[in-house]
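One structure is given here, and the rest of the page talks about it.
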Amino acid sequence: MSQPNESEYDAIAGAYKDSKQLSFRKYIEEYTLFDMLGDINGVKALDLACGEGFYTRKLKQVDAGEVLGVDVSAEMIRLAKAEERARPLGCRYLNRDAAVLVLDEPVDLVVAMYLLNYARDTDELLRFVQSAHSALKPGGRFVGFNDNVLNAPGGTVSYARYGFEKEYKGTPAGATPSEGGPVVYRFTNDDGTRFEFNNYYLSPRTYRWAFEEAGFSGFHWVDPQLHPSERDNKLWDEFMAAPPIIGFAAFRE
């Protein structure tokens, strides 16, 4: 979740970085992402809307080749570069807008963790997806996570035991949000720090259209999975019964 307007994320960069320590990140989000990715040894990768570089570093740690992180927030990139200086892995970072990114050379893999749900309308979503497409070599993959548009019940939904709440602003409980309707995420970190930001709802049909229009094939949603070590833990029953997040994958032919 790292590509709203630039100043919004500059203001919450530190708290957002700390939110990566919430347990759902490890046991559901990270586990599902790397299950989707499989073996990426030596793969040249782009982490689009990388935030402070959390997954940029994770990609490098599982033996990806060159890894570039890009984010619109200068403060996020500052944090990412500071981490690289403190614990070097060989990651590179650029402060750029994902919607208009142009790379010197294409990559094998684009990862976008919660980028697409910042699109306010079909045109902006298409620009994000086109940017990923243009960054990829033929045969390359586009993989990431998103606000779960297949589970959008309206109203306010509490996942407080996992560290956050979601409010479908202006949408009554049980109703489907309108195109471009705001989805407010309110996080509470383990240390009690609170922050919030907006996503925007676009329908599953709109997502499918954008991927096809950009030239991707095989676009599909990927249900979140729970790490095997936690599958007997009842804590996760509520999350997995109505997951607020979902994976996706597609290919450039």
Side-chain angles (χ1 to χ4, degrees), residues 1-4 8-37 45 47-62 64 67 69-89 91 93 111-115 117-118 143-148 157-167 183-199 224-240 242-247:
M1 306 173 183
S2 309
Q3 178 89 26
E8 180 182 356
Y9 258 69
D10 284 351
I12 66 171
Y16 185 81
K17 177 182 179 181
D18 291 344
S19 79
K20 297 294 178 64
Q21 304 308 312
L22 292 170
S23 57
F24 83 89
R25 301 285 199 184
K26 176 180 180 180
Y27 292 120
I28 297 173
E29 181 183 289
E30 181 181 333
Y31 175 71
T32 305
L33 173 65
F34 285 96
D35 185 62
M36 286 194 289
L37 290 176
D47 186 7
L48 201 56
C50 68
E52 83 298 346
F54 181 82
Y55 280 110
T56 320
R57 294 189 295 276
K58 293 283 186 184
L59 292 168
K60 195 69 174 173
Q61 287 165 350
V62 295
V67 185
V70 173
D71 202 275
V72 72
S73 166
E75 180 61 15
M76 287 290 197
I77 292 298
R78 187 193 70 78
L79 291 173
K81 288 182 175 179
E83 180 67 22
E84 176 65 22
R85 287 193 298 272
R87 284 165 281 275
L89 291 174
C91 300
Y93 296 98
V111 172
M113 299 300 287
Y114 307 106
L115 165 65
N117 40 230
Y118 283 107
V143 174
F145 254 75
N146 205 71
D147 181 63
N148 190 352
V157 186
S158 178
Y159 293 89
R161 65 174 61 186
Y162 311 112
F164 64 94
E165 293 182 326
K166 290 175 69 172
E167 180 188 358
V183 183
V184 185
Y185 272 85
R186 297 186 178 95
F187 271 75
T188 303
N189 287 340
D190 290 336
D191 66 357
T193 303
R194 297 182 178 183
F195 65 99
E196 66 177 59
F197 51 85
N198 287 349
N199 286 176
Q225 303 296 314
L226 182 61
H227 193 283
S229 68
E230 293 292 303
R231 287 178 185 164
D232 292 328
N233 187 345
K234 297 298 184 184
L235 170 69
W236 301 108
D237 289 356
E238 183 181 0
F239 195 108
M240 300 306 294
I245 56 176
I246 195 167

Nearest heavy atoms of [X] and [Y], plus distance in Å:
{"X": "Ile77", "Y": "Gly69", "value": "CD1-O, 4.3 Å"}
{"X": "Asn198", "Y": "Tyr118", "value": "O-CE2, 3.0 Å"}
{"X": "Gly53", "Y": "Ala80", "value": "N-CB, 4.1 Å"}
{"X": "Met36", "Y": "Gly144", "value": "CE-O, 3.7 Å"}
{"X": "Ala15", "Y": "Asn189", "value": "O-ND2, 2.9 Å"}
{"X": "Cys91", "Y": "Lys60", "value": "SG-CB, 3.9 Å"}

Rounded to the nearest 0.5 Å, what separation is found between the [atom1] atom of [X] and the [atom2] atom of [Y]?
{"X": "Ile245", "Y": "Asn146", "atom1": "CD1", "atom2": "CG", "answer": "10.0 Å"}
{"X": "Asn199", "Y": "Leu115", "atom1": "CG", "atom2": "CG", "answer": "10.5 Å"}
{"X": "Asp71", "Y": "Glu52", "atom1": "CG", "atom2": "CD", "answer": "9.0 Å"}
{"X": "Asp47", "Y": "Met113", "atom1": "CG", "atom2": "CE", "answer": "8.5 Å"}
{"X": "Lys58", "Y": "Leu37", "atom1": "NZ", "atom2": "CG", "answer": "13.0 Å"}
{"X": "Leu22", "Y": "Thr188", "atom1": "CG", "atom2": "OG1", "answer": "9.0 Å"}

side-chain contact (heavy atoms from CB on, under 4.5 Å) assessment of Lys166 paired with Val184: CA-CA 6 Å; Lys166 290 175 69 172; Val184 185; over 6 Å; no
Phe187 ring center within less than 6.0 Å of Tyr16 ring center: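 No, too far apart.
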Side chains of [X] and [Y]: closer than 4.5 Å at any heavy-atom pair?
{"X": "Phe145", "Y": "Ile246", "result": "no"}
{"X": "Val143", "Y": "Leu33", "result": "yes"}
{"X": "Asn117", "Y": "Val183", "result": "no"}
{"X": "Phe54", "Y": "Gln21", "result": "yes"}
{"X": "Ser23", "Y": "Tyr162", "result": "no"}
{"X": "Ile28", "Y": "Pro224", "result": "yes"}
{"X": "Lys17", "Y": "Glu83", "result": "yes"}
{"X": "Ser19", "Y": "Arg25", "result": "yes"}

According to side-chain contact (heavy atoms from CB on, under 4.5 Å), who are the partners of [X], at least two apart in sequence or on a separate chain?
{"X": "Glu165", "result": "Ser158"}
{"X": "Val62", "result": "Phe34, Ile40"}
{"X": "Val157", "result": "Pro153, Tyr159, Tyr168"}
{"X": "Asn233", "result": "Glu230, Leu235, Trp236"}

Side chains of [Y] and [X]: any donor to acceptor distance under 3.5 Å?
{"X": "Ser73", "Y": "Arg78", "result": "no"}
{"X": "Tyr114", "Y": "Glu29", "result": "yes"}
{"X": "Tyr185", "Y": "Asp147", "result": "yes"}

Partner residues of Tyr31 under the ring pair (Phe, Tyr, Trp, His ring centres under 6.0 Å) criterion, sequence neighbours left out: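 Partners of Tyr31 by the ring pair (Phe, Tyr, Trp, His ring centres under 6.0 Å) criterion, ordered by chain and then number, come out as His227.
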Test salt bridge (charged side-chain N to carboxylate O under 4.0 Å, His left out) applied to Arg85 - qualifying residues, sequence neighbours left out: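 Not a single residue meets the salt bridge (charged side-chain N to carboxylate O under 4.0 Å, His left out) criterion with Arg85.
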Residues, nucleotides or ligands: over 12 heavy atoms within 6.0 Å of Arg194 CZ: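 No - once you tally the heavy atoms of other residues, nucleotides and ligands closer than 6.0 Å, there are 12 at most.
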Asp237 atom CG, over 12 foreign heavy atoms within 6.0 Å: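 Yes, the 6.0 Å shell around CG holds more than 12 heavy atoms from other groups.
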side-chain contact (heavy atoms from CB on, under 4.5 Å) evaluation trace for Met76 with Tyr93: CA-CA 10 Å; Met76 287 290 197; Tyr93 296 98; over 6 Å; no
